[in-house]
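Reminder, nothing fancy here: chain letters follow the sequence lines and each chain counts from 1.
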Protein chains: 2
Amino acid sequence: MSQRTHVCGEILEELIGEQVVLQGWVKRRRDLGQVIFIDLRDRSGHVQVVFNGEKYPEALNAAEKVRNEYVLEISGTVVKRDEETINDKIATGKVEVIVENMAILNASKPVPFLIEDNVEISEDVRLKHRYLDLRRPKMYETMQTRYRTTKLIRDILDEQNFMEIETPMLTKSTPEGARDYLVPSRVHEGEFYALPQSPQLFKQLLMVSGFERYYQIARCFRDEDLRADRQPEFTQVDIEASFLGKEQLLEMMEEMMGRIIKEIKGVDIPKPFPRLTYKEAMDRFGSDKPDTRYGMELVDISQHVENSDFKVFASTVQNGGVVKGICVKGVADNYSRKDLDDLSSFAEIYGGKGLAWLKVEENNTLKGPIAKFFNEQVSSTIVENFAAEAGDVLFFVADKQRVAWDVLGALRVKFAKELDLVNYEDFNFLWVTEFPLLSYDEDEKRYVAEHHPFTRPLAEDEALLTTAPEKVRAEAYDLVLNGYELGGGSQRIYERPLQEKMFAALGFTDEEAKSQFGFLLDAFEYGTPPHGGIALGLDRLVMILAGRSNLRDTIAFPKTASASCLLTNAPSSVSEKQLDELKLAVTVEEEE
Amino acid sequence: MSQRTHVCGEILEELIGEQVVLQGWVKRRRDLGQVIFIDLRDRSGHVQVVFNGEKYPEALNAAEKVRNEYVLEISGTVVKRDEETINDKIATGKVEVIVENMAILNASKPVPFLIEDNVEISEDVRLKHRYLDLRRPKMYETMQTRYRTTKLIRDILDEQNFMEIETPMLTKSTPEGARDYLVPSRVHEGEFYALPQSPQLFKQLLMVSGFERYYQIARCFRDEDLRADRQPEFTQVDIEASFLGKEQLLEMMEEMMGRIIKEIKGVDIPKPFPRLTYKEAMDRFGSDKPDTRYGMELVDISQHVENSDFKVFASTVQNGGVVKGICVKGVADNYSRKDLDDLSSFAEIYGGKGLAWLKVEENNTLKGPIAKFFNEQVSSTIVENFAAEAGDVLFFVADKQRVAWDVLGALRVKFAKELDLVNYEDFNFLWVTEFPLLSYDEDEKRYVAEHHPFTRPLAEDEALLTTAPEKVRAEAYDLVLNGYELGGGSQRIYERPLQEKMFAALGFTDEEAKSQFGFLLDAFEYGTPPHGGIALGLDRLVMILAGRSNLRDTIAFPKTASASCLLTNAPSSVSEKQLDELKLAVTVEEEE
């Protein structure tokens with residue numbers, strides 16, 4: 001192997017007449033008998049190289065054996081292409097390289113799929129041959145976007161005097177939160193480490209240590225049942241700071257997001273980001289991660305239908321429920337009565353009992369199966385409340401607050417997609433604040449932390465922690481982009497008594513709190529500064545930046561929905577010797 | 001909490017007269033009744049703040065409650081100190097802050113040890129209260145050195161067009177190499193992931209994918225019995241490149257090391273680094289990671305003593321062994337005959353049967369229990385070979401090559417330390433090349449890879465792979481600094497037939513090779529470029545840069561020698577529910 005003089009993407013007009021050595025892959029080969037053209041590709045792009053049998057018969061001879069994806073080294077001279085063969089679509093399209101010598105560095109079998117974008121391949125085949133899938137231009141670009149984003153985040157945090165500090169991967173299992181991945185210890189027989197769900201406790205301990213500004217691009221693990229957008233291991237931009245109030249932290253994050261979007265997408269985004277309280281987000285969008293790139297906000301008409309003739313609406317409101325709806329503009333002619341009735345099954349997915357609808361006609365009149373229950377005045381009020389016009393369709397849910405939010409929030413997203421209301425050039429950031437600190441878990445019969453047990457309650461709600469825990473709002477904030485939760489954070493509890501009160505609210509005995517989190521409670525007694533932080537999902541951020549619809553496409557070697565690696569066949573069985581050393585036995589029954 | 005205007009280290013003369021708000025910890029407090037002085041510390045340094053009862057009685061009152069390590073917020077005015085109280089030892093020593101208002105942000109119990117360097121504390125206590133140990137200035141500096149080194153490595157590799165790519169932590173267990181940490185799968189009952197010992201296979205697959213220049217600051221795991229300088233999880237600077245020959249890679253690494261030493265230590269180091277073959281390193285220094293900051297090289301006198309009257313030497317050589325020695329300069333008077341005889345037990349640690357010694361006197365005469373066996377001519381030859389002078393002591397090992405290397409290599413290090421021969425300002429880098437590819441494992445009754453099974457044999461030795469595997473040299477290189485192996489790398493096998501030959505040399509059946517590494521063998525058939533790489537131990541590099549003697553001091557939250565975390569008590573037992581979900585049973589017997 002010789003030393004490259006250039007990469008393929010550098011072969012431009014200014015090199016005409018120069019001798020170059022290139023190394024790369026055969027992207028395409030056209031054999032015209034006495035001349036063979038090959039598009040040679042490397043990570044920088046590709047360039048046409050020409051084997052001319054008249055001038056260099058040996059090179060042509062060698063090129064005859066070559067097939068797609070062979071690895072070649074060529075040396076030759078850069079020349080201008082004939083006018084009629086100039087290719088304006090690629091940077092190197094004005095020139096070509098006349099090959100004088102060629103060596104095959106490695107051969108390739110025919111590849112199982114074309115190394116091109118826009119080729120339909122089943123995801124299983126892609127994952128099994130991930131090393132070839134990653135050769136496709138869009139996958140390469142996505143990895144590059146991931147890298148550039150990560151590097152930029154590190155540079156920005158460095159400028160802000162944050163220090164990256166690595167925290168342990170082999171750590172302690174705790175019962176709060178999601179299910180841990182466990183790692184059996186050989187030295188301490190019968191004991192286990194856990195892989196971290198996040199560096200939360202360690203980053204708080206680093207605040208106790210006085211590092212003041214910590215970050216880490218950290219691998220985290222959750223052994224949860226996977227959904228399309230979950231991976232058993234994922235990467236988190238983990239940030240924590242002392243003596244930095246919520247306002248300063250949010251401002252810093254907005255600055256960071258602005259620079260990322262500018263650098264990666266070339267777009268300026270307005271600052272400061274809008275803020276919605278949790279309550280407002282749910283009331284207006286039926287979601288705590290609203291996509292504000294389109295309207296269709298939820299409208300509450302409870303008070304207007306409480307005394308209407310439509311019993312379903314009236315009785316729902318009279319029993320403490322709500323009637324809410326959304327207005328879908330100008331689609332009345334697109335949906336038949338049957339189409340609209342069929343949407344009830346969509347509502348059921350989100351816990352709804354059904355979905356009422358009304359078409360708006362001229363003069364504020366309403367049409368549809370339930371139109372007859374509303375007199376002229378109620379009809380007009382409804383139409384006004386939605387600012388509806390003829391041709392619009394209104395959809396209603398009459399149910400408990402939570403159900404109305406969920407069904408209409410989902411319906412809103414569904415229509416936005418169906419009606420193509422989304423402008424993919426928009427980057428709509430916003431903050432959602434004042435989340436509930438706790439929620440009651442019906443299975444466990446106790447309160448659980450909505451974020452995690454270290455989140456600070458709003459000062460004005462602290463007294464409610466013992467009297468009405470469900471009413472306590474958290475000093476927490478989620479960063480939302482285009483309907484995705486990019487991440488969340490909070491100001492933390494830093495006083496032992498308040499942390500103990502929090503554990504008590506979660507139903508921990510003193511004993512339990514001490515055995516699980518005693519080291520944190522102890523640490524809080526040695527001069528712990530006020531602190532807070534945030535964690536961003538890097539995979540999700542990259543997915544949006546790279547315009548992908550699938551988290552797996554942002555990860556070099558992802559797992560499937562059943563947490564398998566199709567490339568290496570992990571997980572797999574291990575030897576008896578390995579299990580013996582760990583003093584473990586597998587209890588799977590044979591017949592399973 | 002208000003917003004800080006400055007950090008403590010910024011309070012310099014140019015701020016005299018200005019109003020500042022500071023937040024930090026009480027480093028020291030001196031109570032003079034009507035005046036209290038506090039050294040306020042934050043991550044940037046510390047500054048003296050003064051509570052003057054005459055001017056600000058409320059502030060003084062508040063300060064009376066304050067103790068060491070309390071967290072304070074103060075606001076006040078920067079003033080020049082009186083001439084006689086100026087402290088030239090600290091940057092902020094010319095000024096102080098007259099406190100007008102003070103708030104206690106958090107209190108602290110008395111700390112279990114002083115937050116100062118040079119305080120003797122048992123390591124167990126330090127690790128249990130790691131959050132306080134990390135407050136000590138030298139620990140903070142070490143973490144900062146670690147961070148700056150890591151950031152610099154990332155910046156340098158970015159300039160060189162390397163892309164950081166994350167590889168999986170939940171991967172496949174392989175039988176080669178050290179013992180894996182296993183992670184039971186809940187979804188795939190009875191199966192396990194393994195935590196990576198290194199990203200080796202994935203980085204090679206990324207080369208198959210055409211990324212060409214990959215790096216990762218990667219966490220790696222080995223479940224080995226720990227020694228003082230081992231951790232179950234450690235961090236590796238993992239680098240791999242395609243189309244980059246060994247010479248280019250080594251040059252790039254020298255450039256990187258040069259910049260790190262310059263930036264962190266302010267020292268210019270000469271390039272290129274010296275290179276020794278494995279054979280030469282062992283012959284001259286008795287070590288494959290020689291410390292060249294001092295001499296005492298090994299000298300082989302086998303040919304000169306083969307026919308001497310000293311039977312032990314003569315018969316060793318006649319039976320294929322060697323007689324080698326080192327010369328320790330000018331210490332003859334420091335060591336009694338008993339001292340020197342006692343060194344035999346040191347030799348035994350390294351497999352030696354004993355250690356012969358001779359003191360050099362005037363006129364090349366030798367003194368000591370074995371001196372009588374050597375006539376004048378042999379004595380002179382020996383003295384000349386060692387370039388010895390009166391007052392030196394010569395030490396000899398007569399044994400198999402390997403034993404002579406090991407004993408004398410260790411003895412050399414021992415004397416360098418005892419005699420304080422090391423200049424701690426020196427950074428002596430070197431490369432060791434041409435390692436053996438394989439060694440015969442007496443326990444396993446087969447060859448095992450010295451580096452790993454993907455290392456390329458030297459082209460000229462390839463044919464020996466089937467005939468004399470132990471003679472094959474590897475296209476491998478270790479980077480050594482001051483007697484520590486910083487890391488190692490190699491050019492890799494990239495052809496399926498050669499990789500199969502390598503697996504065969506390791507005693508794998510075709511079946512075994514395919515079941516463990518089939519995906520790699522398959523990948524090699526689709527246009528795999530020539531590639532190679534290197535991996536550096538970040539913890540070790542930081543240890544040397546920060547002038548620490550212990551790897552644990554370079555890691556924020558390390559494990560003990562028994563792989564425990566004394567802070568969180570990991571590993572620990574887990575609930576029956578967790579084990580049931582994993583279909584696992586612990587088989588530790590009760591009586592243990």
Side-chain angles (χ1 to χ4, degrees), chain A residues 1 4 23 25 43 69-71 105-106 108-109 131 134-135 147 163-165 168-173 181 183 185-193 205 208-210 212 219 223 233 243 519 523 525-530 556-557 562-563 567-568 570-574 583-588, chain B residues 1 4 23 25 43 69-71 105-106 108-109 131 134-135 147 163-165 168-173 181 183 185-193 205 208-210 212 219 223 233 243 519 523 525-530 556-557 562-563 567-568 570-574 583-588:
Chain A
M1 191 175 66
R4 266 176 176 172
Q23 291 157 339
W25 287 261
R43 86 200 131 102
E69 301 304 323
Y70 271 43
V71 188
L105 298 180
N106 214 342
S108 175
K109 287 201 302 195
Y131 45 88
L134 287 169
R135 268 189 208 167
Y147 171 61
M163 199 191 281
E164 187 165 25
I165 300 173
M169 292 281 175
L170 295 173
T171 179
K172 186 187 165 83
S173 181
Y181 274 106
V183 182
S185 162
R186 182 177 53 85
V187 181
H188 303 272
E189 296 176 350
E191 298 191 337
F192 294 79
Y193 305 95
L205 290 169
V208 180
S209 294
E212 295 187 30
R219 201 73 61 84
D223 186 10
E233 48 180 312
F243 306 122
F519 60 98
E525 295 196 281
Y526 293 106
T528 299
F557 300 101
S562 69
L567 172 60
T568 61
S572 57
S573 54
V574 297
K583 303 281 179 193
L584 280 185
V586 169
T587 62
V588 183
Chain B
M1 192 174 65
R4 265 176 175 170
Q23 290 157 339
W25 286 262
R43 84 199 133 104
E69 301 305 322
Y70 271 44
V71 188
L105 298 179
N106 214 342
S108 175
K109 288 203 300 194
Y131 45 88
L134 287 168
R135 269 189 208 170
Y147 170 61
M163 199 190 283
E164 187 165 26
I165 299 174
M169 292 280 175
L170 294 173
T171 176
K172 185 185 164 85
S173 182
Y181 274 106
V183 183
S185 162
R186 182 177 52 86
V187 180
H188 304 271
E189 295 176 352
E191 298 191 338
F192 294 79
Y193 306 95
L205 291 169
V208 179
S209 295
E212 296 188 32
R219 200 73 60 86
D223 186 10
E233 49 180 312
F243 307 121
F519 60 98
E525 294 196 283
Y526 293 106
T528 300
F557 300 101
S562 68
L567 173 60
T568 61
S572 56
S573 54
V574 297
K583 303 277 180 197
L584 281 184
V586 169
T587 62
V588 182

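Per-residue counts of heavy-atom pairs under 4.5 Å with chain B were compared for A/M163, A/E69, A/R186; the largest is that of A/R186. Among the candidates B/R4, B/E164, B/K172, B/R43, the residue making the largest number of heavy-atom pairs closer than 4.5 Å to chain A is B/R43. Note: A/P168 leads A/S173, A/P168, A/P530, A/P529 in heavy-atom pairs under 4.5 Å with chain B. Chain A forms more heavy-atom pairs under 4.5 Å with one residue of B/V183, B/V71, B/L170 than with any other, namely B/L170. Between chain A and the residues B/Y147, B/Y70, B/F519, the largest count of heavy-atom pairs under 4.5 Å involves B/Y147. Here A/A523 is the residue among A/A556, A/A523, A/S185 with the most heavy-atom pairs under 4.5 Å with chain B.
Note: B/K583 NZ to A/L584 CG = 15.5 Å, rounded to the nearest 0.5 Å.
For the pair B/M169 and A/M169, the minimum side-chain heavy-atom distance is below 4.5 Å. Using a 4.5 Å heavy-atom threshold, the side chains of A/V208 and B/R135 count as touching. Under the 4.5 Å side-chain criterion, counting only non-hydrogen atoms from C-beta, A/F243 is in contact with B/L105. Two residues are said to be in side-chain contact when any heavy atoms from C-beta on lie closer than 4.5 Å; B/V586 and A/E191 fail this criterion. With a 4.5 Å cut-off on side-chain heavy atoms, A/S108 and B/Y526 count as touching. Considering only heavy atoms from C-beta on, B/Y131 comes within 4.5 Å of A/S209 through its side chain.
Shortest non-hydrogen contact noted between B/N106 and A/T528 is ND2-O, 2.8 Å. Considering all non-hydrogen atoms of both residues, A/V588 and B/G190 come closest at CG2-N, 3.7 Å.
Heavy-atom distances place both the backbone and the side chain of B/S572 under 4.5 Å from chain A. Heavy-atom distances place the side chain of A/V187, and not its backbone, under 4.5 Å from chain B. Contact annotation for A/T568: both backbone and side-chain heavy atoms come within less than 4.5 Å of a heavy atom of chain B. Contacts between A/L205 and chain B at a heavy-atom distance below 4.5 Å involve backbone atoms as well as side-chain atoms. With a 4.5 angstrom heavy-atom cutoff, A/M1 touches chain B only via side-chain atoms.
When atom types are taken as modelled, the side chain of B/H188 and the backbone of A/S562 share a donor-acceptor pair closer than 3.5 angstrom. Checking side-chain atoms of B/W25 against main-chain N and O of A/G527 turns up a donor-acceptor pair under 3.5 Å.
Remark: B/Q23 pairs with B/E73 by the side chain to side chain donor-acceptor pair (under 3.5 Å) rule, at least two apart or across chains.
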